[in-house]
Amino acid sequence: MKKFFKIILIIVTTTISLSSCSDSESLYVASSPENGSFEIISSAASIVLNETNAETETAITFSWEIPSYGVDTPVTYTLEMDLNNGDFSNPRTFTVSSNEISFTHADLNFYALDFGLAPSIEGEIKLRLKTSLKYNALQSYSNLVTLAVTPYDTLTLLYDMPSELYLQGNAVPSNWGIPIPDSQKMTQIDNHRFGLITELVGAKNYAAISTPTTWSDPAYVGIDDQQPASEGDFRPAGSTTVPQWGGSPMSSPLNTGIYKVILDFTSGKYTATPEPSILTPPTDLYIIGDATPLGWAANVDDTQKFTKINDYTFEITIPLTGGGVFAFITATAYSDPAYKAKTASQDASGGDFIASGSATTPAWGGNDIAAPTSGTYTVEVNFKSGTYILKP
């Protein structure tokens, strides 16, 4: 009997030892969840951000399942955000202590603009959740979530915009004379820029004034006489500015030629860049390309014809397919010249265009214009400034 109890004691002791070993392993041996085995959920698939109450109103919330590491230990959550075509090599990161995170309209707008998304144009960002244990051990990643975001413009004007603007000076045909001809009237490109393609006489001076019949108060001139001819800083100069009537007229480039002059009232910068030619507005204008409903059809129809707003501005509202391209033509069949982007690096919300044809310099130059994310856009083409803009 004593021998029997001894055997029983050995069995119980062994069982307890094995059980303790098993419990120890379950407490201290962790394994990372398989990538994509836990899901991040977005409260919306697309969002148009709104400036009203932007600092306090929640725009979107992301939540997720709590992944299992097989151990009872704290898990670190890091939400990663990148452009839709990014590779997460340099993402925006947000460390979270719970299983959800929310962004206000202002916060998400900041990140969208920081990624380079254009105001009022729908763009895409993507997100994923990275989980890990202490010291970033045993990392694992959730599914990917794509979010369509339309940011708002956080535009702040450095100087108030006048309603009209004219170039005046001995670098332009008026040679300081009045009245200033309409050919020297700048066109308002958008809510912060005026522009004009014109001939500038080399090594002369010009300023911008807000009336064609007299020197305006204020006028707009270089901040001093040391500004470069190609680009520089301008300021309003008038009876109430400090100092009064300060600054100096802008200097034109050394070589006489055709230039595009832009005044940007958000940055207080002006530029004068060479252009191939002054653009003559056509009688009619059409849009063509694989981004448009009719593609590169041999003949487009009136559904892709612009409305003429004034002598030099055309406008159309049309659905565009993201990833496609388009150009402007003057007839229902491809025209000579057509009008294309000046370079391949124009912004998704608009840019500069040039005439492209057999007699242009260079012949058939320029680039087809890349369409932004698929959607319906109002396209405005301005032949006085050689610019186009796209608005959803």
Quick check: closest heavy atoms across [X] and [Y], and the distance to 0.1 Å?
| X | Y | value |
| --- | --- | --- |
| K340 | A327 | CG-CB, 4.3 Å |
| E122 | T373 | O-OG1, 2.9 Å |
| L320 | F326 | CD1-CE2, 4.2 Å |
| I316 | F306 | CG2-CE2, 3.3 Å |
| Y220 | D160 | OH-O, 4.0 Å |
| I209 | T214 | CD1-O, 3.6 Å |

[X] (side chain) donor-acceptor with [Y] (main chain) under 3.5 angstrom:
| X | Y | value |
| --- | --- | --- |
| Q168 | G177 | yes |
| N99 | W64 | yes |
| D290 | V325 | yes |
| N84 | I125 | no |
| T271 | T273 | no |
| S42 | F62 | no |
| T378 | T317 | no |
| S374 | G322 | yes |
| H105 | L49 | no |
| Q346 | D352 | yes |

Is there a side chain to side chain contact (heavy atoms under 4.5 Å, CB included) between I318 and T376 once you walk through the steps? CA-CA 5 Å; I318 190 170; T376 298; over 6 Å; no

Within a strict 4.5 Å, meaning less than it, do heavy atoms of the [X] and [Y] side chains meet?
| X | Y | result |
| --- | --- | --- |
| L200 | Y206 | yes |
| D82 | F115 | yes |
| K269 | E231 | no |
| P119 | S349 | no |
| V172 | N175 | no |
| S356 | Y339 | no |
| T131 | T78 | no |
| E124 | V149 | no |

Roughly how far, to the nearest 0.5 Å, is the [atom2] atom of [Y] from the [atom1] atom of [X]?
| X | Y | atom1 | atom2 | result |
| --- | --- | --- | --- | --- |
| N367 | K342 | CG | NZ | 12.0 Å |
| S230 | M250 | OG | CE | 12.5 Å |
| S385 | Q188 | OG | CD | 10.5 Å |
| L129 | S140 | CG | OG | 9.0 Å |
| N191 | D153 | CG | CG | 5.5 Å |
| I288 | N299 | CD1 | CG | 8.5 Å |

With side-chain contact (heavy atoms from CB on, under 4.5 Å) as the test, pick out the partner of Y152 among T154, L155, T150.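 Option passing the side-chain contact (heavy atoms from CB on, under 4.5 Å) with Y152: T154.
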
Just to verify, which of T93, L127, L147, V145 counts as forming a side-chain contact (heavy atoms from CB on, under 4.5 Å) with M81? L127

Any chance you could lay out the side chain to side chain contact (heavy atoms under 4.5 Å, CB included) test for V261 and M186, step after step, and finish with the verdict? CA-CA 9 Å; V261 180; M186 304 186 80; 4.3 Å; yes

Is [Y] reachable from [X] through a run of hydrophobic residues whose side-chain heavy atoms are each under 4.5 Å from the next?
| X | Y | result |
| --- | --- | --- |
| L79 | Y77 | yes |
| V300 | Y334 | yes |
| I121 | V381 | yes |
| Y377 | V48 | no |
| F38 | V96 | yes |

Could you walk me through whether D107 and T104 pass the side-chain hydrogen bond (donor to acceptor under 3.5 Å, both in side chains) test, one step at a time? CA-CA 5 Å; D107 287 340; T104 65; 3.3 Å; yes

Could you label the plane-to-plane angle of the [X] and [Y] rings as parallel, tilted or perpendicular, counting under 30° as parallel and over 60° as perpendicular?
| X | Y | value |
| --- | --- | --- |
| W215 | W176 | tilted |
| F94 | Y111 | perpendicular |
| Y388 | F353 | tilted |

Donor-acceptor side-chain pairing of [X] and [Y] below 3.5 angstrom:
| X | Y | value |
| --- | --- | --- |
| N382 | T187 | yes |
| S43 | T61 | no |
| D224 | S248 | no |

Looking at E164, I want to see if its CD is surrounded by more than 12 non-hydrogen atoms of other residues, nucleotides or ligands under 6.0 Å.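 Atom CD in E164 is packed in, count exceeds 12.
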
Checking side-chain hydrogen bond (donor to acceptor under 3.5 Å, both in side chains) for the pair T307/E315: CA distance, chi angles, key distance, verdict? CA-CA 5 Å; T307 299; E315 187 177 273; over 6 Å; no

What about the rings of F314 and F328, do their centers lie closer together than 6.0 Å? no

Both conditions, 6.0 Å and 45 degrees, for the charged tip of K384 above the ring of Y312: are they met here?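 Yes, a cation-pi geometry.
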
I want to check a possible cation-pi pair here: R128 against F88, using under 6.0 Å from ring centre and within 45° of the ring axis as the test. yes

Can E80 and K126 be said to form a salt bridge (charged side-chain N to carboxylate O under 4.0 Å, His left out), step by step? CA-CA 8 Å; E80 297 185 341; K126 62 184 177 184; over 6 Å; no

Let me see the working for N310 and K308 under side chain to side chain contact (heavy atoms under 4.5 Å, CB included), right down to the final yes or no. CA-CA 6 Å; N310 52 41; K308 196 167 188 176; over 6 Å; no

Could you list the residues that satisfy side chain to side chain donor-acceptor pair (under 3.5 Å) with S358, not counting sequence neighbours?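 Side chain to side chain donor-acceptor pair (under 3.5 Å) list for S358, sorted by chain: D336.
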
For T303, which residues count as a side chain to side chain contact (heavy atoms under 4.5 Å, CB included) partner, sequence neighbours excluded? L294, D301

Should L117 and L83 be marked as a side chain to side chain contact (heavy atoms under 4.5 Å, CB included) after you check the CA-CA gap, both sets of side-chain angles, and the distance that decides it? CA-CA 9 Å; L117 299 188; L83 275 172; 3.7 Å; yes

